[in-house]
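One structure is given below, encoded as structure tokens.
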There are 2 protein chains.
Amino acid sequence: MFELDLRSRAPIYEQLVEKIKELIISKVLKPDEQLPAVRVLAGELTINPNTIQKAYRELEHQGYIYSIPGKGSFIRPAVPEDNTARMQTLENELSRILSEMLYLGMPPRNIITRIKTLLPE
Amino acid sequence: MFELDLRSRAPIYEQLVEKIKELIISKVLKPDEQLPAVRVLAGELTINPNTIQKAYRELEHQGYIYSIPGKGSFIRPAVPEDNTARMQTLENELSRILSEMLYLGMPPRNIITRIKTLLPE
DNA sequence: TTATCCGTACTATTACATATAGTACAATCA
DNA sequence: TGATTGTACTATATGTAATAGTACGGATAA
């Protein structure tokens, strides 16, 4: 279900958080769908259950999943309540990326064109 | 000259790399301009010279500055030669950010409009 | 030449985050 | 009940970050 790069400098739990977020955002994982149990996923990926739990805890804290003891962990249907802070962070990252693309010599028109291919409609 | 967040989870040398890159990209630091000596900057920021050197080494490796023993460290005038790898990384980050903005409910037209305000012309 | 400043390269040490291993407990459900 | 779930906790090993200190060669001005 997930692929990890154990040689990466990025922590395993952080890679897991990003991977799962991508699957939620791209709607591969659907609302209220159950995630693998921490012990199961740990077995599949041959890593420690504590590492999985740390990733799930982080995802729950960020509002992407919810966990119920005795039942399991599930995709949170609704978007996290307060988006403003997260959206501001994204805009800052976006600004930084665009600045660097310009610095590296990519023409503004090409940037716009490239972005439109990444958006619907 | 620089501001650091010692309480941040991000390593000091990494914060330094990002700060200086921003100053280069935004052209606050101009080509061939001399950066503070490792010992001087370490003194100003009250951190260890080794940490500054690690940041400078990374910036040189990424092609943003060049260092000459006995003279100093300077802003590299030209853009790093091979941009393709860096550009690919930026496009991947961009794609991820756009996906998340969409997921959080920002309309595509608003995204385009917002981006155009961040680009020249 | 000498003194000084520059980047650079080491070693050693401390502190912290990551990841693992193991145990335990309460809630859920067949 | 028994099995599975999330959760919490301790302990340990490992790697990275950061510090402290020392040292060397190149560049430059006195």
Side-chain angles (χ1 to χ4, degrees), chain A residues 1-21 24 29 31-77, chain B residues 1-21 24 29 31-77:
Chain A
M1 186 173 193
F2 307 107
E3 294 171 8
L4 294 177
D5 180 9
L6 297 180
R7 286 163 297 184
S8 169
R9 61 202 165 89
I12 297 176
Y13 84 93
E14 202 171 293
Q15 289 183 51
L16 261 175
V17 168
E18 291 308 312
K19 291 276 184 187
I20 295 175
K21 272 173 68 172
I24 295 175
L29 293 176
D32 288 316
E33 181 174 341
Q34 184 166 8
L35 286 164
V38 288
R39 293 173 182 80
V40 172
L41 187 52
E44 288 179 5
L45 300 177
T46 57
I47 58 180
N48 196 281
N50 292 332
T51 306
I52 308 289
Q53 199 218 337
K54 186 168 186 178
Y56 280 12
R57 190 195 311 148
E58 177 63 21
L59 283 166
E60 183 165 28
H61 180 257
Q62 288 188 26
Y64 287 92
I65 71 173
Y66 61 96
S67 297
I68 304 175
K71 296 193 71 174
S73 297
F74 307 86
I75 308 299
R76 166 154 274 149
Chain B
M1 187 173 193
F2 306 106
E3 295 171 7
L4 295 177
D5 180 9
L6 297 180
R7 287 161 298 183
S8 168
R9 61 202 167 92
I12 296 175
Y13 85 93
E14 202 171 293
Q15 290 183 52
L16 261 175
V17 168
E18 292 307 314
K19 291 276 184 187
I20 295 175
K21 273 173 67 173
I24 295 174
L29 293 176
D32 288 317
E33 182 173 341
Q34 184 167 7
L35 287 164
V38 287
R39 293 174 181 79
V40 173
L41 188 52
E44 289 179 5
L45 300 177
T46 57
I47 59 180
N48 196 280
N50 293 332
T51 306
I52 307 290
Q53 199 220 338
K54 187 167 185 177
Y56 280 12
R57 192 194 310 148
E58 177 63 20
L59 283 166
E60 182 165 28
H61 181 258
Q62 288 188 25
Y64 286 91
I65 72 173
Y66 62 95
S67 297
I68 305 175
K71 297 194 71 175
S73 296
F74 308 86
I75 307 300
R76 166 154 272 150

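Since the structure is predicted, the reported quantities are computational estimates derived from the model, not experimental observations. Sequence lines set the chain letters: A, B, ... in the order given, protein chains first and strands last, and positions in each chain run from 1.
Contact between the side-chain N/O atoms of A:Ser73 and the OP1/OP2 oxygens of D:dG6 is found at a separation under 4.0 Å. Regarding contacts with the backbone of C:dT18, every side-chain N or O of A:Thr51 stays at 4.0 angstrom or more from both OP1 and OP2. For B:Lys54 and D:dA17, the shortest distance from a side-chain N or O to OP1 or OP2 is below 4.0 Å.
Remark: P of D:dG6 and NE2 of A:His61 are 20 Å apart, rounded to the nearest angstrom. A:Phe74 places its CZ atom 8 Å from the P atom of D:dG6, with the value rounded to the nearest Å. At whole-Å resolution of the value, CG in B:Asn50 and C1' in D:dG21 are 9 Å apart. For the pair B:Leu59 CG and C:dG7 P, the interatomic distance rounds to 13 Å; values are reported in whole Å. One can place CZ of A:Arg57 at 7 Å from P of D:dA8, the figure rounded to the nearest angstrom. When the C1' atom of C:dC25 is taken as reference, atom CD of A:Gln53 falls 13 Å away, rounded to whole Å. The distance between atom CD1 of B:Ile68 and atom C1' of C:dC6, rounded to the nearest whole Å, is 11 Å. Taking atom OH on B:Tyr66 and atom P on C:dC6, their separation rounds to 16 Å, with Å as the unit.
Between the side chain of A:Asn48 and the base of C:dG22 there is no donor-acceptor pair of N/O atoms closer than 3.5 Å.
When side chains are defined from C-beta on, A:Gln62 counts as touching A:Glu58, because their heavy atoms get closer than 4.5 Å. Between B:Tyr56 and B:Val38, the closest side-chain pair of non-hydrogen atoms falls below 4.5 Å. For the pair A:Leu29 and A:Leu35, the minimum side-chain heavy-atom distance is below 4.5 Å.
A donor-acceptor pair is defined here as one N or O able to donate and one able to accept, closer than 3.5 Å; such a pair exists between the side chain of B:Gln34 and the backbone of B:Lys71.
The side chain of A:Lys71 lies closest to C:dT28 when the candidates are C:dT20, D:dA18, C:dT28. In this structure, the nucleotide among C:dG22, C:dT8, D:dG6 sitting nearest to the side chain of A:Arg39 is D:dG6.
Each of A:Leu35 and B:Ile12 was assigned the nucleotide of DNA chain D with the nearest heavy atom; the assignment lying further toward the 5' end belongs to A:Leu35. Taking for each of B:Gly70 and A:Tyr13 the nucleotide of DNA chain C with the nearest heavy atom, the 5'-most of the two is the partner of B:Gly70. Summary of the strand contacts: B:Pro69 and A:Pro69 both lie near DNA chain C, and taking for each the nucleotide with the nearest heavy atom, the more 5' one is attributed to B:Pro69.
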Step by step, work out the side-chain contact (heavy atoms from CB on, under 4.5 Å) result for A:Leu16 and A:Leu45. CA-CA 11 Å; A:Leu16 261 175; A:Leu45 300 177; 4.3 Å; yes
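Within 4.0 Å of B:Glu60, counting heavy atoms only, lie sugar-phosphate atoms of the nucleic acid but no base atom.
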